[in-house]
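Notes to accompany the following structure.
So you know, we letter chains A, B, ... as the sequences are listed, proteins then strands, and number each from 1. As the structure is a prediction and not an experimental result, all values here were calculated from the model.
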Protein chains: 2
Amino acid sequence: MKEEFRLDNQLCFRLYTASRLLTQAYNPLLSAHGLTYPQYLVLLVLWENDAQPVNDIAKRLCLETNTVTPLVQRMEKQGIVTRAKGTNDARQIIVSLTDKGQQLQTALTDVPFAVGGAVACKSLTPETVPALFQTLDDMIAQLKKNLKRDT
Amino acid sequence: MKEEFRLDNQLCFRLYTASRLLTQAYNPLLSAHGLTYPQYLVLLVLWENDAQPVNDIAKRLCLETNTVTPLVQRMEKQGIVTRAKGTNDARQIIVSLTDKGQQLQTALTDVPFAVGGAVACKSLTPETVPALFQTLDDMIAQLKKNLKRDT
DNA sequence: TACTTTTGTATCGCGAACGATATAAATAAC
DNA sequence: GTTATTTATATCGTTCGCGATACAAAAGTA
């Protein structure tokens, strides 16, 4: 059994697990409002900049448009966003928040704090978090570059 | 726009993205052998300890059995593992590696190195990785505790 | 022993993720 | 101006991931 194959030596498995468990911490808070975690991410994007084409949302979330399209379609059905043909570019679909989508920001005010409480641990302090963010951002940038390369 | 809602301040989004992109780095290497990343994780578990019940595999990977069951069923169809009723406990299904499953370990020898190359960045050094692992493990332990609490 | 509860798997349904493919609109090339 | 290429979405098929549920085996209880 080679050392590189030990599960406890895998960075990816840790990220995968941490990501899933942290998402699970969001779930009860979001599902109370009929939302999923990826839908919440779309809301975060639109709260920052409303009325964006599908492609921009996808790029911001590092997702494919064929993931975002049905995601946004479900959100449209729930009356959270609207989808309208772009005026400049008729190929684009501009996704915009409805009043309901705007108001969710107020309804979800305490979500970041509640989740923060669920992850709070001695390894996550105001001193360590910036370094962690830096490392993850660095990794993400590197992976984006390398994944794009062999396309 | 509250600061806590900014996408760039989200730990979860970083973990989610890093996890997905790193998984994508595994994909071409694994799909060349007909494997997916979660299937690869099952192999890692079985290479460490062959012949485990579904429940133990699920616990090791922090997954639900209703995720692992169909995963393992697909691996059985591919001739990578066998599934057999437990002798002590007739409810258990013991998952064991076939010869093909064993041999994949050799075939995939270079996967950890190739993936290591794809994430290699200045933030990931022999000095920083242990701290990163520690932080992620700490977070995961904390989340497990808190998620279990409200069950 | 008979009954209840727990445990281990499995099935079902839905929402991601994503590769592959399709289609129409915009752009580039000629 | 016509043709070729790229770009923005969308659809389809497969595999996760998980909540809800079902069911049989095991363990606990009366």
Side-chain angles (χ1 to χ4, degrees), chain A residues 12-13 16-28 30-32 34-42 52-59 61-78 80 83-95 147 150-151, chain B residues 12-13 16-28 30-32 34-42 52-59 61-78 80 83-95 147 150-151:
Chain A
C12 190
F13 175 57
Y16 166 79
T17 303
S19 171
R20 280 188 312 100
L21 296 185
L22 189 45
T23 299
Q24 285 176 30
Y26 277 93
N27 253 334
L30 296 179
S31 66
L35 292 172
T36 64
Y37 180 70
Q39 290 173 4
Y40 175 68
L41 290 181
V42 171
Q52 292 190 51
V54 172
N55 204 13
D56 290 12
I57 299 173
K59 284 229 172 68
L61 298 179
C62 308
L63 289 168
E64 301 297 321
T65 62
N66 57 0
T67 297
V68 175
T69 290
L71 193 57
V72 164
Q73 286 173 340
R74 284 185 285 269
M75 292 174 79
E76 186 188 30
K77 251 183 225 160
Q78 298 175 44
I80 300 171
R83 302 190 318 129
K85 261 214 171 97
T87 49
N88 294 349
D89 190 331
R91 293 170 301 178
Q92 293 183 332
I93 293 289
I94 309 296
V95 183
L147 291 169
D150 36 71
T151 301
Chain B
C12 190
F13 175 58
Y16 165 80
T17 303
S19 171
R20 280 190 310 103
L21 295 184
L22 189 45
T23 299
Q24 285 177 29
Y26 277 93
N27 252 335
L30 297 178
S31 66
L35 291 172
T36 64
Y37 181 69
Q39 291 174 3
Y40 175 68
L41 290 181
V42 171
Q52 293 189 51
V54 171
N55 203 14
D56 290 13
I57 298 173
K59 284 228 171 67
L61 298 179
C62 308
L63 289 168
E64 302 296 321
T65 61
N66 57 1
T67 297
V68 175
T69 291
L71 193 57
V72 164
Q73 286 173 339
R74 283 186 284 269
M75 292 174 79
E76 186 187 29
K77 250 184 223 159
Q78 298 176 42
I80 299 171
R83 302 189 317 130
K85 262 216 171 93
T87 48
N88 295 349
D89 189 332
R91 292 170 301 180
Q92 292 183 332
I93 294 289
I94 308 296
V95 183
L147 290 169
D150 36 71
T151 300

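A:Leu61 contributes atom CG, which lies 7.0 Å from atom OH of B:Tyr16 (distance to the nearest 0.5 angstrom). Atom CD of B:Gln52 sits about 10.5 Å away from atom CD of B:Gln92, to the nearest 0.5 Å. The CZ atom of B:Arg83 sits 10.0 Å away from the NZ atom of B:Lys77 when rounded to the nearest 0.5 Å. Within the model, atoms CZ of B:Arg20 and SG of A:Cys12 stand 12.0 Å from one another, a figure rounded to the nearest 0.5 Å.
Contact annotation: A:Thr69 reaches the phosphate of D:dA10 (side-chain N/O to OP1 or OP2, under 4.0 Å).
Closest heavy-atom contact between B:Val54 and B:Val68: CG1-CG1, 3.9 Å.
The interatomic distance linking B:Leu30 (CG) with D:dT15 (P) rounds to 15 Å, in whole Å. To the nearest angstrom, C1' of D:dA25 lies 14 Å from CG of B:Asn55. Put simply, CD1 on A:Ile94 is 11 Å from P on D:dA8, counting in whole angstrom units. Taking atom CG of B:Leu41 as the reference point, atom P of D:dT15 lies 17 Å away to the nearest angstrom.
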**OP:** Sugar-phosphate means primed atoms, P, OP1 and OP2; the rest is base. With that split, encode nucleotides 14-23 of chain C 5' to 3' as B, S or - using protein heavy atoms under 4.0 Å.
**Re:** -SSBBBB---
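Non-hydrogen atoms lying under 4.0 Å from DNA chain D are contributed by B:Asn88, B:Asp89, B:Ala90, B:Arg91, all within residues 83-93 of chain B.
Under the 3.5 Å distance criterion, the side-chain polar atoms of A:Arg74 are left unmatched by any main-chain donor or acceptor of A:Gln39.
Using bins of under 30°, 30° to 60° and over 60° for the plane-to-plane angle, the ring pair B:Tyr37/B:Tyr26 lands in the tilted bin.
When B:Leu41, B:Thr69, B:Val95, B:Leu71 are each tested for a side-chain contact (heavy atoms from CB on, under 4.5 Å) with B:Ile57, only one passes: B:Val95.
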